[in-house]
Amino acid sequence: MLAPLYSYLKNYMIQNSWEDEYTRNGARSIFTTICLCCNIDADTAICDQLLVELYRTTDIQSAGVSRKEFENFMLEYIV
């Protein structure tokens, strides 16, 4: 279940602008769904891996968002 949803999330984030509020909120909602359905807790190695890969793959840093800001935003609903 993780792989298809995560692939969808990466593609969603690549194809849409992080600067758009709907994109950010949609990405966070999808990530929250992944974590809840796959029993992934915040502050675990797998969670960190997923977030680092998303940050690097989707080039969010070009929008002026630090990795820590990105992680805090994405984890808001599961911590």
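- No donor-acceptor distance shorter than 3.5 angstrom exists from the side chain of Y77 to the backbone of S29, with no hydrogens or angles considered.
- Put simply, the side chain of P4 does not reach to within 4.5 Å of the side chain of Y8, judged on heavy atoms.
- Considering CZ of F70 and CE of M13, their distance stands at 4.0 Å, rounded to 0.5 Å.
- Side-chain atoms of Y6 and L54, non-hydrogen and from C-beta on, do get closer than 4.5 Å to each other.
- Between L51 and L75 the shortest side-chain heavy-atom distance falls below 4.5 Å.
- Across every non-hydrogen atom of M74 and A27, the tightest pair is CE-O, 3.5 Å.
- Within a 6.0 Å sphere centred on CD of E19, other residues, nucleotides and ligands contribute 12 heavy atoms or fewer.
- Hydrophobic clustering places I46 together with I78 (ILVMFWY residues linked when any side-chain heavy atoms are closer than 4.5 Å, directly or through intermediates).
- The ring pair (Phe, Tyr, Trp, His ring centres under 6.0 Å) search around F73 returns W18, not counting sequence neighbours.
- Considering all non-hydrogen atoms of both residues, C47 and A42 come closest at SG-CA, 4.0 Å.
- Remark: N11 CG to N16 CG distance equals 10.5 Å, nearest 0.5 Å.
- Side chain of E53 to backbone of L50: no donor-acceptor contact under 3.5 angstrom is found.
- How far CZ of R28 is from OG1 of T33: 12.0 Å, rounded to the nearest 0.5 Å.
- V52 and L5 sit in two unconnected hydrophobic clusters of ILVMFWY residues. Membership requires side-chain heavy atoms under 4.5 Å apart, directly or through other members.
- With Q61 as the partner, the side-chain contact (heavy atoms from CB on, under 4.5 Å) test is satisfied by one option alone out of V65, T58, D59: D59.
- Note: the hydrophobic cluster containing F31 also contains V79 (ILVMFWY, side chain heavy atoms under 4.5 Å, direct or indirect links).
- Heavy-atom neighbours of D43 CG from other residues, nucleotides or ligands within 6.0 Å: at or below the threshold of 12.
- Within the 4.5 Å cutoff, no side-chain heavy atoms of T32 are placed close to those of E76.
- No path of Ile, Leu, Val, Met, Phe, Trp and Tyr side chains, each step under 4.5 Å between heavy atoms, connects L9 with I14, placing them in separate hydrophobic clusters.
- In this view, E21 and R24, N25 satisfy the side-chain contact (heavy atoms from CB on, under 4.5 Å) rule, not counting sequence neighbours.
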